[in-house]
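So the structure is just underneath, and the comments pick up after that.
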Amino acid sequence: MELKLTRPICFFDLETTGIDVAKDRIVEISIFKVFPNGNKESKTWLVNPTVPIPPQSTAVHGISNEKVANEPTFNELAPVIYNMIKDSDLAGYNSDRFDIPLLAEELLRAGVDFDMKGRVSVDVQTVFHKKEERTLSAALKFYCGEDLENAHSAEADTMATYEILKAQLDRYSDLDNDIKALSEFTTRKKNADFAGMIVFDEDGDEVFNFGKHKGLKVSTVLEAEPGYYSWIQNADFPLYTKKILTAIKLRKLNTK
């Protein structure tokens with residue numbers, strides 16, 4: 001079943017130096033863009049992360065320091081990557097918890113003011129886990145009857161994810177072939193930021209989800225303890241979390 005689209009959607013996958021969203025870097029990115037008219041566009045880039053790639057990460061994806069030594073940095077690629085995704089919804093495998101947060105960090109580090117306003121995301125892993133509980137390779141075998149060749153290659157993983165979602169729509173009649181509906185189905189928890197440090201309460205207000213102020217409304221804490229904002233901005237928190245916190249603070253100031 002082909003996807004019913006009202007706007008483009010970009011399936012993407014990252015290979016990285018590690019799994020720390022705030023600190024690790026992209027070494028390969030593949031984007032497969034599907035347009036509402038059925039046209040498709042695919043791009044894959046190797047990326048020089050400007051930091052050493054740990055041997056344990058190379059053992060997973062096969063990308064060494066030598067392989068990316070002469071490749072462009074993410075700062076150099078950021079305008080091209082953002083131009084490809086800026087009009088699109090996003091999709092991936094475990095993308096809500098890892099790929100989108102890490103991509104956002106890299107774009108913000110490169111000076112690109114990325115956010116998810118006006119777009120939704122579909123995490124194909126969540127569909128799979130809610131329905132079957134398996135890995136990406138097993139998902140491809142289960143849904144498509146195919147073996148995943150070159151696993152942990154960004155391009156292979158990206159294409160597999162696209163094929164799996166189409167097969168999931170064929171298999172599950174209760175899944176709506178609508179990107180917004182799929183996004184709602186695959187959203188695990190309503191976070192204000194990608195890292196889940198700021199979440200929404202039952203009233204739709206942002207609350208802290210960590211530390212001494214866990215469960216308290218962000219606006220209330222910032223008003224009562226202004227130094228808490230400065231501490232977060234100067235500490236080792238994800239850039240997107242800091243961006244969201246700043247937006248809440250500015251919104252509060254503009255309402256006074």
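Just so it is clear, the values below take in all heavy atoms, side chains as well, and ignore hydrogens, waters and symmetry mates. Here the structure is a predicted model, which means the values were calculated and not measured.
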> When you look at Thr246 and Tyr229, which way does the side-chain contact (heavy atoms from CB on, under 4.5 Å) test go after all the steps?
Replying inline: CA-CA 8 Å; Thr246 298; Tyr229 170 83; 2.8 Å; yes
>> Walk me through whether Asp236 and Lys23 qualify under side-chain contact (heavy atoms from CB on, under 4.5 Å).
In response: CA-CA 9 Å; Asp236 192 19; Lys23 296 180 180 179; 2.8 Å; yes
> Going through the checks in order, is the side-chain contact (heavy atoms from CB on, under 4.5 Å) test met by Val47 and Glu71?
Replying inline: CA-CA 6 Å; Val47 184; Glu71 298 295 337; 6.0 Å; no
>> Checking Glu106 against Ile81 for the side-chain contact (heavy atoms from CB on, under 4.5 Å) test, could you report, in this order, the C-alpha distance in whole Å, the side-chain angles of both residues, the deciding distance, and whether it holds?
In response: CA-CA 11 Å; Glu106 287 277 44; Ile81 291 170; over 6 Å; no
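Contact between Ala181 and Asp178 at its shortest, heavy atoms only, is N-OD2, 2.9 Å. Looking at every heavy atom in both residues, Leu148 comes nearest to Ala160 through CD1-CB, 3.8 Å. What you find for Cys144 and Ala167 is that their closest heavy atoms are SG-CB, 3.9 Å. The two residues Thr17 and Ser57 have their closest heavy-atom pair at O-OG, 2.7 Å. Closest of all the heavy-atom pairs between Pro8 and Phe35 is CG-CD2, 3.9 Å. The shortest heavy-atom contact between Lys214 and Asn209 is CE-OD1, 3.6 Å.
Between His152 atom NE2 and Ile63 atom CD1 the span is 11.5 Å, to the nearest 0.5 Å. The structure places CG of Leu90 at 7.5 Å from CD1 of Ile9, a figure rounded to the nearest 0.5 Å. A distance of 10.0 Å separates OG1 of Thr241 from CG of Leu108, quoted to the nearest 0.5 Å. Once rounded to the nearest 0.5 Å, the distance linking CG of Leu245 with OH of Tyr228 reads 9.0 Å. Atom-to-atom distance recorded for Lys243:NZ and Asp115:CG is 4.5 Å, nearest 0.5 angstrom. Between Phe185 atom CZ and Asp174 atom CG the span is 7.0 Å, to the nearest 0.5 Å.
Counting heavy-atom neighbours within 6.0 Å of Glu163 CD, excluding the residue itself, gives a total above 12. For Lys43, the NZ atom is loosely surrounded, since the number of other residues' heavy atoms within 6.0 Å does not exceed 12. Within a 6.0 Å sphere centred on CG of Asp203, heavy atoms belonging to other residues, nucleotides or ligands number more than 12. More than 12 heavy atoms of other residues, nucleotides or ligands sit less than 6.0 Å from atom NZ of Lys40.
Looking at Thr158 and Thr44, their side chains never come closer than 4.5 Å, going by heavy atoms from C-beta outward. In this structure the side chain of Phe194 never reaches within 4.5 angstrom of the side chain of Val21, judged on heavy atoms. You'll find the side chain of Lys130 stays beyond 4.5 Å of the side chain of Tyr172, heavy atoms only. Between Leu165 and Tyr143, every side-chain heavy-atom pair lies at or beyond the 4.5 Å cut-off. Between Arg171 and Lys131, the closest side-chain pair of non-hydrogen atoms is not below 4.5 Å. Under the 4.5 Å side-chain criterion, counting only non-hydrogen atoms from C-beta, Val127 is not in contact with Ile164. Side-chain contact between Phe208 and Ile232 is present, with at least one heavy-atom pair separated by less than 4.5 Å. With a 4.5 Å cut-off on side-chain heavy atoms, Glu28 and His61 do not count as touching.
Under the 4.5 Å side-chain contact rule for hydrophobic residues, Met116 and Met197 share a cluster. Both Val34 and Val122 are members of a single hydrophobic cluster when ILVMFWY side chains are connected at heavy-atom separations under 4.5 Å. Hydrophobic clustering (ILVMFWY, side-chain heavy atoms < 4.5 Å, transitive): Leu102 and Val60 are in distinct clusters. If you chain together hydrophobic residues whose side chains sit under 4.5 Å apart, Tyr240 and Phe12 fall into the same group. Residues Phe32 and Leu182 fall within the same hydrophobic cluster, defined by Ile, Leu, Val, Met, Phe, Trp and Tyr side chains chained together at heavy-atom separations under 4.5 Å.
Under a 3.5 Å cut-off, the side chain of Lys33 and the backbone N or O of Glu41 do not form any donor-acceptor pair. Side chain of Asp123 to backbone of Thr186: no donor-acceptor contact under 3.5 angstrom is found. The backbone N or O of Ile179 sits nowhere less than 3.5 Å from a side-chain atom of Ser183 that would complete a donor-acceptor pair. Looking at Arg119, its side chain does come within 3.5 Å of a backbone N or O of Ile85 through a donor-acceptor pair. The main-chain N or O of Ile19 is found under 3.5 Å from a side-chain atom of Asp24 such that the two form a donor-acceptor pair. The main-chain N or O of Glu2 is found under 3.5 Å from a side-chain atom of Asn177 such that the two form a donor-acceptor pair. Between the Tyr93 side chain and the Leu136 main chain, a donor and an acceptor come within less than 3.5 Å of each other. Under a 3.5 Å cut-off, the side chain of Asn94 and the backbone N or O of Gln125 do not form any donor-acceptor pair. Although no hydrogens or angles enter the test, the distance criterion places a donor-acceptor pair under 3.5 Å between the side chain of Gln233 and the main chain of Lys242. The closest donor-acceptor contact from the side chain of Lys249 to the backbone of Pro226 lies at 3.5 Å or more, if one exists at all.
For Phe237 and Trp231, the ring centers sit closer than 6.0 Å to each other.
No hydrogens or angles considered: nothing links the side chains of Ser30 and Asp13 as a donor-acceptor pair under 3.5 Å.
Ring geometry for Phe114 versus Tyr82: interplanar angle over 60°, hence perpendicular rather than tilted (30 to 60°).
The pair Arg7-Asp89 meets the salt-bridge criterion, with a side-chain N (NZ, NE, NH1 or NH2) lying under 4.0 Å from an Asp/Glu carboxylate O.
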